[in-house]
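Heads up: the structure comes next, in structure tokens.
Residue numbers begin at 1 in each chain, while the letters A, B, ... track the order of the sequences.
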Amino acid sequence: MSQHDGERASKELLAGCMDDAQADGQTACGARHYDWQAIRARLSAASGREYWRSFEQLADTAAFQDYLRHEFPRQAGEWMDAVGRRHFLKLMAASLGLAGSMGCLRQPDEKIVPYVRQPEEVVPGKPLYFATAMTLGGYATGTLVESQLGRPTKIEGNPDHPASLGATDAFTQAAVLSLYDPDRSQTVMHRERIDTWSSFLSALAAELPALKSRQGRGLRILTETVTSPTLADQLRALLEAMPEARWHQYEPCGRDNVRAGAKLAFGEYVDTIYRFDRADVVVSLDADFLWGMPGSVRYARDFVDRRRVAGGDARMNRLFVFESTPGLAGAIADHRLPIQPSEVKPLARALAGRLGVEAAGSDMPANVSQKLLEAVVSDLKAHRGASIVIAGDGQPPLVHALAHAINGQLDNVGKTIEYVEPAEARPEDHAASIKALVDDMAAGEVDLLVILEGNPAYNTPASLGFAKHLVNKRVKLAVHLSQHYDETSFLCHWHIPAAHFLESWGDARAFDGTASIVQPLIAPLYGGRTAHELMSVLLGEADQATFETLQKYWRKQIGEDDFGRFWRKAVHDGVVPETKAPARNVELSFDGRTPQAEEQIFAGGGLEIVFTPDPTVWDGRFANNGWLQELAKPLTKLTWDNAVYISPRLAEDEQLANGDMVELTVAERKLDVPVWIVPGQADGVISLSLGYGRSRAGRVGTGVGFDAYAIRPTHAAWFAKGVELKKTGRRYQLVVTQDHHSMQGRDVVQFGTLDDFQRDPNFLLADHPSKSREDSHRPFDLPSLYPDEKGSFPERKETDNAWGMVIDQTACIGCNACVIACQAENNTPIVGKEQVSRGREMQWLRIDRYYVGDIDNPDTYFQPMLCVQCENAPCELVCPVGATVHSSEGLNQMVYNRCVGTRYCSNNCPYKVRRFNFLNYEAFLHYDTEPQLAMLRNPDVTVRSRGVMEKCSFCVQRIQEAKIEAHKVNRPIADGEVLTACQQACPTRAIVFGNLNDPDSEVARLKKSPLNYGVLAELNTRPRTTHLARLRNPHPDLAAHQTGDTPSLDPRDQKIDKWLKDLEGGET
Amino acid sequence: MPQVFHPSMNTFSKATIFGALFVLIALAFVADRVERSPYVTEVDVFREQPVPFSHEHHVSGLGIDCRYCHTTVETSAFAGLPATEVCMSCHSQIWKDSPMLEPVRESFRTGKPLRWTRVHDLPDFVYFNHSIHIAKGIGCESCHGRVDQMPLMRRAASLQMAWCLDCHEKPEGAIRPKRDVFRFGPEARPVSHEDALRLMKDHGVETEQLLDCWTCHR
Amino acid sequence: MSDHATTVSRGGLPVLKPGHTFGSVTDKISSIVQTRQPKSWWFGFAVGFTLLMLFLYTTTYLLATGIGIWGTNIPTGWAFPIINFVWWIGIGHAGTFISAILLLLKQEWRTSINRFAEAMTLFAVSCAGLFPLLHLGRPWVFYWLMPYPNTMDLWPQFRSPLVWDVFAVSTYATVSLLFWYVGLIPDMATLRDRTQNRFAQIVYGMLAMGWRNSARHWHRYQMAYLLLAGLATPLVLSVHSIVGMDFAVAIVPGWHSTIFPPYFVAGAIFSGFAMVVTLTVPLRWLYGLQDFVTLKHLDNMAKVMLATGSMVGYGYACEVFYAYYSGNPFERYIAIDRMLGGYAWSYWGIVICNALAPQLFWVRAIRRNVIWLFVISLITQTGMWLERFVIIVTSLHRDFLPSAWHMYYPTIWDFTEFLGSIGLFLTLFFLFIRFLPMISIFELRELVSDKSE
Amino acid sequence: MEVPADVYGLMAEFETGDALLEAAKRAHEAGYRQMDGFSPFPLHGLSEALGFRRTRLPVVTLIGGLLGGGGAYFMLWYACVVSYPINIGGRPLHSWPAFIPITFELSVLGASFAALFGMLALNGLPRPYHPVFNVPEFVRASRDRFFLVIEARDPAFDLAGTRQFLEGLKPEKVFEVLP
């Protein structure tokens, strides 16, 4: 889609709603205006979603109609619609090249529609950026959102926000797709029939007086974790007005144990903030702090900054990870030990004991070697005040308490550990809270249940029986506010469509308490409401806009005088100044005894199971997000499904192969689920991720995967012991994007230890004489038919810019943020499970995962792989039409509109980073039938049609934008002025892009690093994207790193490898 | 009787051989011509517009600068089309009752935008940026022709790739002093080839990147 | 010319049953075209035509939906379509080889088989030519592979072997057609003079261009025929060499090998002769051509298959040796993966079908037994199709980065497209034997005269 | 002696090729030049016997080949170096090894066309109508009979005399060929 289309289209949008965009300060520019009268009229007439798709269409604004037309690129449209196809068939039948060349040249007339009144800030063709924040599990990550004439198209991190520092995670990157999700609920529903907001108000009005008179007895509010100061304020107000009302919280992937741990240790709730930027030794007790924890994006950055050696100073922190199922932390760890969850407690006690925590007692974990334990202890002792012991969110309170005790003992507190006021509005045990609610529901105590977001009917443990009691007659009136008409909405009397955070005002706190104002970039596409609005209604302030509620609250905090300035600044910066949570001085009051509640968790013997939030759909809320569903899980590369992960040994014992269906029994509850064998999975424990098996997610997510909540225990949300695993004999197709996990002894990921590096920075040259480190994308001279410059392009002149990239494999944590960022930036389609199984996924950037060494506990290596922009590109040489050629600045240009689709370039690409549109993939996400999805597209990137090749372009649209701006005033492009999407999203700054001709640029500097090498450079492809070898910092007393390929699970491959080994052996 | 054909067939059959050859060549030639003809390129084709706006009148007649209406031409990829209020800023005083301008007034009243028909319409996979061309001293005239002499707007150039490349290969053919970018006619062009080359240097035009595919296609 | 050593082979088999006169041969061959066809013809044609419909159906669906209906994927960007292309083009080679090279080598036994061998070439090449078009992601812009003045000021990328292919295949098709037509001119005249049907007279007459067997014409005619043969000879070698370069030019392990061009040519002639045998055996039986296509012919063709088959076998051996000797880990892996990996069956398949099966031809009895010949020729063609499968699919499915390795599985549409193309071939071939003399009549007369001396 | 306008020439029919060869030689000795022989297959030595010199066809073919090849290489060079020079995989603009295959193919193509059309042109074909076809018995020229035609335009031609001469060659039969 060309920018012209973009402008045209967006202009019409704006034109359609000018008056409102001007007058109404509430909505960021580009908001749309609907004829509500018409909508309501039609609504009451229409029934069932099939009659209409969106309010625009409903209101029949001419703007939107053309908008749809224009938003479709003709190129794609041509063979998307049947007529066009038949036209081509005729041509083929005639098979006249001439006819072909002329058949479809003439363009149809197109309309161009200006504003009626042009807003000042809008320059057609230039995007605007707005600061806002996205929350996950209640905790905010600051973002800057790109708006193309009123359409939010891309989310970036907010550099000023403590939880982001400019980076994001995969969820945040994908959130913009959820905004346009055509399956989002688009109207108020009453008992499965379409209804209106007004009739909902009257229905509620009928209830409220009675409730008031009863002091609110019978009124229950159920929320997820609340950090929003304003919402908290509203709730407080409500509870004051109606003291008998109750507010419950439930977060399926919540932090009950963390809270309880703090309480156990200090007798009160405090939040722990880790300062990885000050820690030299980190010990993780089953904690994956690089992902999924509040603030983990920030933590990842702080942690990695401490182990970057490419930059010269050769210092690294050291990470010990004890984990039950492979996670990101385990992959980057210097020493990793897979242990059962039940062993973490003894381990923690042992550590604490050895470090002098009296209360610890002297427990000894079974599978942990003395040697390792001693190493850990010695390291911790050696780095008092500069170390962190962190317990996993899932681990029971005792482990957290022990961790606190250890950190205290090592006087890390105040240095690497900070205890602060909880960011939550009301810290409490969610499990207990929801339990209480369900009991009252059963007891008929609940008259009016208002569920603000969340999906308890699905994501509470089935054994809790929330759904059962929700539908029983005793709950008189249940109201559910949610973005989808989901499992819970279906069971409630009323469903209110919720606004996406890009559509609504609001506020939220980050992991460190810092508050952010959430501002909308577009008026609600589907008339979504916010929790604030619903609360206002309950508070009897019906039709008070969220904006007012919000301002009212903050006005209270700031005071009248210069509130205006404060507000503008807060909204603009995306952070509210001086809101960081105040530090707390806490006293360790912990006797080391295991609380009663915990005893039963690991009681008894047998197989253990771990429930984890899913790395792609979290607790299930992202189930209908195609980008995330198709995103390969970091370690297993599994897409479109979840599976129960088992260790190779268990597979051997139970005779299980990948994809075998097994029947799991956890406390009498059964679930059939396929197995996936995961090297490095701890023995005696299996793990299953939450968030799948949705029954009402939408067209993308419904029926995908297996519902772990069905067997999730209520008493301990994360672990269970005594699991039975029975082979059913049935099979199930699991699809991964990487079939082969070993490097086959090939020089793909180069690695070593800090020690090697310090002894000889060029140590890698020893193993790889073929490559010169200095300029590794020019490996060596080869004989050539072209005497000049050994086959390089002699006519090339030196240009100002020579684009290049360096990827630091020591810094990459494999979090996938870059993959989604690339997809969002470049209009990359998704293709669905069946196509992925054929090997046709379309992501331009993939993260390869290799194992080295012992299959039971291998070393894991991540390698982001994208088009490396070879200077001697094999793909270019073989393209018969010159659709992929080299630019003067060293870019390997892929020209979609010239491509005829021979796929020869892909065959000849040694990195296999080219992606082909085998079918019209635009149709997969219903782009063809769901116009609003077209608004998501980046107008600066062509939408590819069926039958053309595509690949990473180094985000050339960003390069061009920067070049044009620079050339207008004839200045060079500054280093860092062009950021590729992947680079911008990367939490650990593992990706560096820039101009190689500028010796001072970051990328040029890194290219000089002795760790720099080009993957497969021995093929003389001269990659412009090179990688930095992965360094480890092992404890001197422990084994450095493993060598030797991890054997394949496929007997055939094992035979091949054996033959090869014999061959090599025969020679030496 | 082995004699199957009439004597005339001798000439005829020879003729057909050359005839066939000729027809093929002719076909190819015609096809090429059609591809470059106004039928395909839509050069000099007038389009139905809501208001018969005359650039000639407003530019040469009233001497209004291009940027008065096309406000973003120097800053953005998109030149910008005047909002209705821009038209009304004058036409609420002059010609305020002319029936010809009723659509404009209506748009202003109802807030429904005017719907013009695109005259210069590039394929969707082509990314043209007005601002950089202006900044490098390529005049409006170079692509849009003598707009100051067009009572009704029409396409002056084919906008085909070959046409773009001609100039991207030899910008000196179109470059002009920056002050003359928005002027029309021969006096607005630098006098000599040398001047053109000098301007190229002054404006910092680097030709070899102009021929990179990704300069226009992404 | 009248050298008896050549007319009677050492095997003692005649290339033409004695006792034939100018008249008898002329009558026999032309009668095939001029009398009603046997039931078997109708049957064969029906089968071919049905498959052709299958081809059209698949193609329509393909163009409407996209090549995603096939199993092709990343990393295996090429599969069935290219396999079929190489297979067909290879088969084509025998025709030109027989008519051109054997002519230059003055092999009399070519006379009675060159005509339909050439026809086979043409039809095989036209089948082959379709696949590169169909396998394109956007077939409707195939003409971008040819140089022509355009409004984009763009040219094909002449360094790409695919563009070489376009020129090689189209040249090959054209020259074969010319060669074939030149050979047909005198026979057209014969048919013109014999038929009583006015319409047929005109058609054949036009095609004969007024040929009147004049001595002067014969003189230049033979010169032209000889020149074309001389030109077709290097062509026949070049075409499959260039097809071989499609692979050899790429850096894919298992492709990037200098042996490909000769090895491909040998394989091509091998499969081509197999196809000729497959066609000859039933034809001489159905139309009673035993007099003209004698065991001598079959015997010789078997010998050619033995020779070329052995060359192919040698090629396989070389590939393995190179892989080992080069020490290139990628080549080594592919070599072993072919023998033990997911597609091992196809590798051992080609060893048996192409390297071992033809060795049976050392036995004279088998060479001269039509049944054996027929069966082995079929085995050979299967084997040669598999060979292309091995080269293309196994090389691609496991190249440089293990992370990108992926298996390839064809879909039903891959098979229908392939079978369909066989239908196209059969249809064309049956029409040919219906309307044109399948054996060169005037060359037979020449042969008769040589014998009678 | 004047030539009768209503006769194209005289045609003698022979049983065997040798008879025709013999006749041709004799006729040539007798000073006849404007004559032609017809045989169902290329008869060796016949054209020589009729006094026919070697053909220029090879030269024509060579020229065709050179034009094809030269044209091809020029096109490749022009396209890659002059018209739109592009950096392809870091190879030089004028990468001659890559230009060889196409050059070769087009040489062959050019030569082949030259050979075919050269042959037709020199033979004056296509020529569907020819007087010799007016003789009904001539059909066997494409089956098993051999013919010698002496044309009327031959200076030595004389209807009676020539017929007598032909009779002297013991043909099967002698016909008058009408134009």
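- With salt bridges taken as basic N to acidic carboxylate O contacts below 4.0 Å, one links C:Asp27 and D:Arg143.
- Within the 4.5 angstrom heavy-atom criterion, atoms from both the backbone and the side chain of D:Phe113 approach chain C.
- Using a 4.5 Å heavy-atom threshold, the side chains of D:Pro42 and C:Tyr221 count as separate.
- Scanning both residues, D:Phe41 and C:Arg445, for their nearest heavy atoms gives CD2-CB, 3.7 Å.
- Proximity of C:His217 to D:Asp36: side-chain heavy atoms (C-beta onward) are nowhere separated by under 4.5 Å.
- The shortest side-chain heavy-atom distance between D:Ser47 and C:Trp218 does not fall under the 4.5 Å cut-off.
- In terms of non-hydrogen atom pairs under 4.5 Å with chain D, the most contact-rich of C:Thr21, C:Val239, C:Asn213, C:Leu191 is C:Asn213.
- Within the 4.5 Å cutoff, the side chain of C:Ile242 has heavy atoms near those of the D:Glu105 side chain.
- How far OG of C:Ser170 is from CG of D:Leu106: 8.0 Å, rounded to the nearest 0.5 Å.
- Contact of C:Glu443 with chain D is not made at all, since no heavy-atom distance falls under 4.5 Å.
- The two residues D:Pro92 and C:Arg159 come nearest to each other via the heavy atoms O-NH2, 3.1 Å.
- When heavy atoms are compared at a cutoff of 4.5 Å, C:Leu227 approaches chain D solely by way of its side chain, counted from C-beta outward.
- Summarising the geometry, atom CG belonging to D:Leu116 is positioned 12.5 Å from atom OH belonging to C:Tyr225; distances are rounded to the nearest 0.5 Å.
- Put simply, the side chain of D:Ile102 does not reach to within 4.5 Å of the side chain of C:Val166, judged on heavy atoms.
- For the set C:Leu154, C:Thr190, C:Asp153, the entry with the most heavy-atom pairs within less than 4.5 Å of chain D is C:Thr190.
- Of the atoms belonging to D:Ser39, heavy atoms from both backbone and side chain fall under 4.5 Å from chain C.
- The greatest number of non-hydrogen atom pairs below 4.5 Å with chain D, out of C:Thr171, C:Thr26, C:Val25, is found for C:Thr171.
- Here the CG-OG distance, from D:Leu46 to C:Ser214, works out to 8.5 Å after rounding to the nearest 0.5 Å.
- For the atom pair D:Thr103 OG1 and C:Trp164 CH2, the distance stands at 10.5 Å (nearest 0.5 Å).
- Of the inter-residue distances, the one linking D:Phe99 atom CZ with C:Phe158 atom CZ reads 8.5 Å to the nearest 0.5 angstrom.
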- [ ] Go through the steps for D:Val139 and C:Arg194 under the test side-chain contact (heavy atoms from CB on, under 4.5 Å), then give the verdict.
- [x] CA-CA 7 Å; D:Val139 287; C:Arg194 297 177 59 84; over 6 Å; no
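- Within the 4.5 angstrom heavy-atom criterion, atoms from both the backbone and the side chain of D:Leu122 approach chain C.
- Using a 4.5 Å heavy-atom cutoff, the side chains of D:Arg127 and C:Met209 are not in contact.
- Heavy-atom minimum distance, C:Arg216 versus D:Met35: NH1-O, 3.0 Å.
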Task: Stepwise side-chain contact (heavy atoms from CB on, under 4.5 Å) test for C:Thr174 and D:Leu109 - done: CA-CA 8 Å; C:Thr174 321; D:Leu109 191 63; 3.8 Å; yes
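- Interatomic distance, CG of D:Leu57 versus CD of C:Gln222, reported as 12.5 Å (0.5 Å rounding).
- Looking at D:Leu120, the atoms closer than 4.5 Å to chain C (heavy atoms on both sides) all sit in the side chain, from C-beta outward.
- Counting heavy-atom pairs closer than 4.5 Å to chain C, the top-ranked of the candidates D:Ala111, D:Ser83, D:Pro40, D:Ala141 is D:Pro40.
- When each of C:Arg212, C:Met223, C:His219 is checked for heavy-atom pairs under 4.5 Å with chain D, C:Arg212 comes out on top.
- Per-residue heavy-atom pair counts under 4.5 Å with chain D were compared for C:Gly205, C:Pro186, C:Ala189, C:Pro234, and the maximum is reached by C:Pro234.
- The neighbour count for D:Gln34 CD, taken as heavy atoms of other residues, nucleotides or ligands under 6.0 Å away, is above 12.
- When heavy atoms are compared at a cutoff of 4.5 Å, D:Phe117 does not approach chain C at all.
- When all heavy atoms of C:Val175 and D:Ser112 are compared, the closest pair comes out as CG2-OG, 3.4 Å.
- Counting heavy-atom pairs under 4.5 Å between each of D:Arg145, D:Met75, D:Glu48 and chain C puts D:Met75 at the top.
- For the set D:Ala79, D:Pro128, D:Gly65, the entry with the most heavy-atom pairs within less than 4.5 Å of chain C is D:Ala79.
- Between C:Phe442 and D:Ser142, the closest side-chain pair of non-hydrogen atoms is not below 4.5 Å.
- Nearest approach of D:Phe133 to C:Gly210, heavy atoms of both residues: CZ-O, 4.3 Å.
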